[in-house]
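One structure below.
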Amino acid sequence: MAVESRVTQEEIKKEPEKPIDREKTCPLLLRVFTTNNGRHHRVDEFSRGNVPTNELQIYTWMDATLKELTSLVKEVYPEARKKGTHFSFAIVFPDPKRPCYRVKEIGSTISGRKGTDDSMTLQSQRFQIGDYLDIAITLPNRAPPPPGRIRPY
């Protein structure tokens with residue numbers, strides 16, 4: 001029987017983050033995979049050394065916020081600049097007990113609006129160097145999928 005740690009968002013937010021001096025700290029390579037259909041990639045798309053084809057590589061730091069990452073994605077995808085575009089973030093990471101990946105939704109932002117997840121950082125969500133970031137983009141004319149767990153398919 002597998003036992004998982006259940007850490008609440010409040011507990012994560014309470015932990016003080018160590019400030020990162022971006023002048024002295026080398027950035028990490030963040031491998032980002034995006035979709036524009038409002039749904040995250042399926043977990044099996046990350047299996048056996050494969051990754052989805054639409055990769056965006058970003059050099060950033062562990063204190064990067066979701067809002068900051070949203071701005072970087074919008075620089076590359078002009079259609080995502082429209083006010084009201086929804087960005088849903090998930091971390092894709094290797095399962096420590098099995099040879100597969102797991103996905104954990106961490107938050108969302110909306111272009112042109114302030115939100116509660118805007119200041120959330122990679123560090124606060126237990127992102128590890130080597131994990132992937134999956135961003136499901138929903139343009140303003142389309143409703144985002146209902147929140148909930150990502151199905152492994």
The side chain to side chain contact (heavy atoms under 4.5 Å, CB included) partner of I106 among D134, L66, D117 is L66
query = So L69 and V32, side-chain contact (heavy atoms from CB on, under 4.5 Å) or not? Walk me through it.
reply = CA-CA 10 Å; L69 295 170; V32 179; 6.0 Å; no
Linking I/L/V/M/F/W/Y whenever any side-chain heavy atoms sit under 4.5 Å apart, do L29 and L56 land together? no
In terms of heavy-atom contacts, K67 and T109 come closest through N-CG2, 4.1 Å
Interatomic distance, CZ@F127 vs CG@L28, rounded to 0.5 Å, equals 6.0 Å
On a heavy-atom basis, the closest approach of T65 and T121 is CG2-CG2, 4.1 Å
Check: Would L133 and I91 count as a side-chain contact (heavy atoms from CB on, under 4.5 Å) if you check the C-alpha gap in whole Å, the side-chain angles of each, and the deciding distance to 0.1 Å?
Finding: CA-CA 5 Å; L133 193 64; I91 296 174; 4.3 Å; yes
One should read off an interatomic distance between R113 CZ and D118 CG, to the nearest 0.5 angstrom, of 11.5 Å
In short, ring pair (Phe, Tyr, Trp, His ring centres under 6.0 Å) pairs touching residues 46-65 with sequence neighbours left out are F33-F46, F46-Y132
Quick note, salt bridge (charged side-chain N to carboxylate O under 4.0 Å, His left out) partners involving residues 68-84, not counting sequence neighbours, are R22-E68
Only one of T85, L139, I137 passes side chain to side chain contact (heavy atoms under 4.5 Å, CB included) with S111, and that residue is T85
In terms of hydrophobic clustering (I, L, V, M, F, W, Y; side-chain heavy atoms under 4.5 Å; direct or indirect links), are L30 and I135 co-clustered?
yes
Using the rule that Ile, Leu, Val, Met, Phe, Trp and Tyr join whenever any side-chain heavy atoms are under 4.5 Å apart, tell me whether I110 and L72 fall into a single cluster.
no
